[in-house]
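Encoded as structure tokens, the structure appears first; notes follow it.
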Amino acid sequence: MDEPAPIIEIDKLWTQFGQAVIHQDLDLCIEAGEIVGLVGGSGSGKTTLVRQILGLNRPTKGKVTVFGTDISQADVDQMYALQNRWGMLFQQGALFSALTVLDNVALPMRELRALPDRLIRDAALLKLQMAGIGPEHALKMPSDLSGGMVKRVALARALALEPELLFLDEPTAGLDPASSAAFIELIRSLHKDMRLTVVMITHDLEPLLALSTKIAVLADKHVIAYDTPERVMKVRHPFIETFFLTANRFEHETCG
């Protein structure tokens, strides 16, 4: 029996802007059901890599394949089909300030023009409920929401089209510890219930270690480590040792 194809496969990727080389011979393979934490220092190209997976930037060389489709060779119809299979949670939420909470979540469904508005409304309310937002908040404007609620509404919108693949950009940035912990639990629950594959950019150790089944570390223009959190934390590299210093210290203190 054939092995299932990876959800994302990146092969010998080069990214260059003028004389600056961001990625060089970068390889990464993400299987279905994984939660992959993407970490790296400033300028390591984390966001650029995600933009290339989404087809927003084209690599200088190499190949990015998502759901079996070569992104750089995909036509408009293929990209449209792919965009309905993934969702994106932006760091600041990126809600439309002139739209209500309900209309923000309903927008991706309305753009498909395939369902009557009553069904779209009901589906949007369901997605809000899944993200922990009650119907009493549906008609509020984004400016009336707390930071944690903005994240949840943005997550509901990212899930509007029942995606198989979810991208998270700094999902807990700006949240207080209690809100951050609650949001982590929400993502864990949705990952299980919706059978999602998740790619998460983060510099926050709490969601990284709590959620990631694998961690991909970007440094020296490529992925220098890609494995379980436990194994990645043992890799001897200056960035890894510095980045995980707090986590290692906590582990030794609690075990000691």
Side-chain angles (χ1 to χ4, degrees), residues 6-66 70-72 86 88-92 165-174 180 184 187 191 197-252:
I7 297 294
I8 299 171
E9 195 165 12
I10 301 171
D11 184 43
K12 304 299 181 200
L13 179 76
W14 279 65
T15 306
Q16 188 168 351
F17 299 109
Q19 298 300 310
V21 177
I22 309 301
H23 305 133
Q24 183 174 337
D25 284 333
L26 186 151
D27 296 320
L28 184 63
C29 184
I30 298 176
E31 306 289 343
E34 299 276 15
I35 301 181
V36 175
L38 193 60
V39 302
S42 178
S44 61
K46 303 181 296 294
T47 301
T48 299
L49 182 61
V50 169
R51 288 179 63 85
Q52 288 170 336
I53 296 171
L54 295 171
L56 300 175
N57 292 137
R58 292 203 170 192
T60 307
K61 288 192 292 185
K63 188 175 181 181
V64 178
T65 305
V66 185
D70 182 345
I71 293 293
S72 64
W86 65 50
M88 177 79 196
L89 172 64
F90 297 94
Q91 181 174 346
Q92 303 299 330
L165 176 60
L166 178 65
F167 295 91
L168 306 173
D169 185 7
E170 301 289 358
T172 58
S180 177
I184 288 169
I187 293 169
H191 167 254
T197 302
V198 179
V199 178
M200 173 178 62
I201 298 175
T202 185
H203 68 275
D204 188 342
L205 282 173
E206 185 181 7
L208 182 69
L209 298 179
L211 291 171
S212 301
T213 57
K214 288 185 178 177
I215 295 175
V217 183
L218 268 63
D220 306 329
K221 301 184 175 67
H222 60 276
V223 176
I224 60 167
Y226 182 47
D227 211 324
T228 63
E230 294 79 9
R231 290 177 178 170
V232 166
M233 289 169 67
K234 294 176 183 176
V235 173
R236 296 186 65 87
H237 183 278
F239 173 78
I240 292 175
E241 291 171 352
T242 301
F243 185 83
F244 289 106
L245 183 63
T246 305
N248 281 320
R249 183 183 298 141
F250 177 77
E251 184 179 274
H252 290 316

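- A 4.5 Å side-chain heavy-atom check between L26 and T15 finds every atom pair outside the cut-off.
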Do K221 and V21 pass the side-chain contact (heavy atoms from CB on, under 4.5 Å) test, and can you show the C-alpha distance, the side-chain angles, and the key distance before you say yes or no?
-> CA-CA 7 Å; K221 301 184 175 67; V21 177; 3.9 Å; yes

Full working for side-chain contact (heavy atoms from CB on, under 4.5 Å) between V235 and I224 | CA-CA 9 Å; V235 173; I224 60 167; 5.8 Å; no

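- Looking at heavy atoms from C-beta onward, W86 lies out of side-chain contact with L166 at the 4.5 angstrom threshold.
- Taking a cutoff of 4.0 Å between a charged side-chain nitrogen and a carboxylate oxygen, K214 and D227 do not qualify as a salt bridge.
- Within the 3.5 Å criterion, the main-chain N or O of V223 finds no donor-acceptor partner in the side chain of H23.
- Atom NE2 of H222 sits in a crowded spot, with more than 12 heavy atoms from other residues, nucleotides or ligands closer than 6.0 Å.
- You'll find the side chain of D220 reaches within 4.5 Å of the side chain of H237, heavy atoms only.
- Distance alone, capped at 3.5 Å, is enough to place a donor-acceptor pair between the D27 side chain and the K12 backbone.
- A donor-acceptor pair under 3.5 Å is formed between the side chain of K46 and the backbone N or O of G40.
- Counting heavy atoms from C-beta outward, I201 and E170 have side chains that approach closer than 4.5 Å.
- Of the possible donor and acceptor atoms, none in the side chain of E241 sits under 3.5 Å from a partner among the backbone N and O of F243.
- Residues I8 and L28 fail the side-chain proximity criterion, which asks for heavy atoms closer than 4.5 Å.
- Across I240, I35, V36, V232, a single residue satisfies side-chain contact (heavy atoms from CB on, under 4.5 Å) together with I215, and that is V232.
- In this structure, the side chains of L38 and F167 stay at 4.5 Å or more apart for every pair of heavy atoms.
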Mind running side-chain contact (heavy atoms from CB on, under 4.5 Å) on L211 and I184 for me, showing each step along the way?
-> CA-CA 7 Å; L211 291 171; I184 288 169; 3.9 Å; yes

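- Within the 4.5 Å cutoff, the side chain of D169 has no heavy atoms near those of the V50 side chain.
- In this structure the side chain of L54 reaches within 4.5 angstrom of the side chain of M88, judged on heavy atoms.
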